[in-house]
Number of protein chains: 2
Amino acid sequence: MNVIENTHPTEQCLKISQVLARIGDKWSLLIVGRLGGGPMRFGQLLRSIEDISQRMLTRTLRGLERDGLVRRTVVADLPPHVEYELTDLGRSLQAPVTVLSDWAANNLSAIDAARSSYDAADEA
Amino acid sequence: MNVIENTHPTEQCLKISQVLARIGDKWSLLIVGRLGGGPMRFGQLLRSIEDISQRMLTRTLRGLERDGLVRRTVVADLPPHVEYELTDLGRSLQAPVTVLSDWAANNLSAIDAARSSYDAADEA
DNA sequence: CCGCATCCTTTTAGATACTG
DNA sequence: CAGTATCTAAAAGGATGCGG
């Protein structure tokens, strides 16, 4: 067990924080999840995600591309279109996310229950 | 391999999104990380985390308490103080977070490199 | 010692309309 | 089809002072 005086956790946590700042927003993981099945076009993603605005999809894809998680390819068809797919780095993120996903699936109801009970106690 | 038409990923991802909405903010994981070493008092956390404002610490702790990840105990000392500690649910989150943490530690430099290279190409 | 309330500034997101 | 631009609404965050 760690004692309170240990110093390492903070550095580690700072790194997680930085990573979460990139992938932990409202849309990034949803997009990475959708892209897990293979390359998709902009319009496909837009229709597939439901509720995301065009602007947010553009912004989020740019961010993911900038961070090296997603590759953007312009296909010189007629009419031309754009394909997005995960990079190796992006795919390497899938395993950790799956672990978190499983925790989420198993504990979301517990969180919601705790929340309801907290809110109920709040009114008293 | 999944085909594009599969439907399950979206539900899963929605759950992750909801969980990330709770723990994926700027401070929650930092606090959970600090609390991993055992119970701490408000002022200890405040000094320990560096850069967090009193307001954000209060807000974040309330959120974690509401979600059942942290327990708040008022100690009737003189002067009285307050202790925070992880609940079982909070501790169960540590393992998934460690996986993500390891990924973060291993790939943060790759992300930063991708980012630099993207930004460099941007000016051309 | 703990933390709430208020005020104010900055950041982020959504709607809408328009371009190569 | 795949965006960009602009405007506005909402949320997050910091500073400060008060109260239990």
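Order of the sequence lines fixes the chain letters, A, B, ..., with proteins taken first and strands second; residue numbering starts at 1 for each chain.
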J.: Roughly how many Å is it from CD1 in Ile52(A) to C1' in dT12(C), rounded to a whole number?
T.: 14 Å

J.: Please name the residue in the list His81(B), Glu83(B), Gln54(B) that meets the side-chain contact (heavy atoms from CB on, under 4.5 Å) test with Phe42(B).
T.: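 So the option named by the test is Gln54(B).
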
J.: First locate atom CG of Leu57(B), then atom CD1 of Ile31(B), and finally report the distance between them rounded to the nearest 0.5 Å.
T.: 5.0 Å

J.: Atom CG of Leu61(A) to atom P of dT4(D): distance rounded to whole Å?
T.: 11 Å

J.: Heavy atoms from C-beta onward define the side chain here; which of dG3(D), dC1(C), dG3(C) lies closest to that of Phe42(A)?
T.: dG3(D)

J.: How many Å lie between CZ on Arg55(A) and P on dG14(C), as a whole number?
T.: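 Result: 9 Å.
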
J.: The side chain of Arg47(A) lies closest to which of these nucleotides: dA13(C), dC1(D), dG14(D)?
T.: dC1(D)

J.: Looking only at side-chain atoms of Gln54(A), point me to the closest of dC4(C), dG13(D), dA2(D).
T.: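 The nucleotide sitting nearest to the side chain is dA2(D).
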
J.: Side chain of Met56(B) only, please: which of dC2(C), dA13(C), dG13(D) is the nearest?
T.: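 That would be dG13(D).
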
J.: Would you please confirm or rule out a distance under 4.0 Å between OP1 or OP2 of dG14(C) and any side-chain N or O of Lys26(A)?
T.: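 Yes.
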
J.: dA12(D) P sits how many Å from Arg62(B) CZ, rounded?
T.: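 Distance, rounded to whole Å: 17 Å.
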
J.: Taking only side-chain N and O atoms of Arg59(B), does any of them lie within less than 4.0 angstrom of OP1 or OP2 on dG14(D)?
T.: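 Negative; the distance criterion is not met.
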
J.: Given dG14(C), dC1(D), dG14(D), identify the nucleotide with an atom nearest to the side chain of Trp27(B).
T.: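 That would be dG14(D).
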
J.: Run the numbers on Arg115(B) and Asp112(B) for salt bridge (charged side-chain N to carboxylate O under 4.0 Å, His left out), then give the verdict.
T.: CA-CA 5 Å; Arg115(B) 187 176 277 229; Asp112(B) 284 341; 5.0 Å; no

J.: Quickly work out the Met40(B) CE to dG3(C) C1' distance and round it to whole Å.
T.: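 After rounding, the reported distance stands at 17 Å.
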
J.: For the pair made of CD1 in Ile49(B) and C1' in dG14(D), what is the distance, rounded to whole Å?
T.: 16 Å

J.: When you check the phosphate oxygens OP1 and OP2 of dC1(D), does a side-chain N or O of Tyr84(A) lie under 4.0 Å from one of them?
T.: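 No, Tyr84(A) has no side-chain N/O under 4.0 Å of OP1/OP2 on dC1(D).
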
J.: Considering the options Leu69(B), Leu89(B), Asp67(B), Val19(B), which one meets the side-chain contact (heavy atoms from CB on, under 4.5 Å) requirement together with Asn107(A)?
T.: Leu89(B)

J.: Between CG of Asp51(B) and NZ of Lys26(B), what distance do you get to the nearest 0.5 Å?
T.: 7.5 Å

J.: Quickly work out the Asp25(B) CG to dT11(C) P distance and round it to whole Å.
T.: 18 Å

J.: Rounded to whole Å, please give me the gap between CG in Leu57(B) and P in dG14(D).
T.: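 About 12 Å, once rounded to whole Å.
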
J.: Closest to the Arg41(A) side chain: dG3(C), dG3(D), dC1(D)?
T.: dC1(D)

J.: Can you tell which of dA2(D), dC2(C), dC4(C) lies closest to the side chain of Thr58(B)?
T.: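 Of the candidates, dC4(C) comes closest.
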
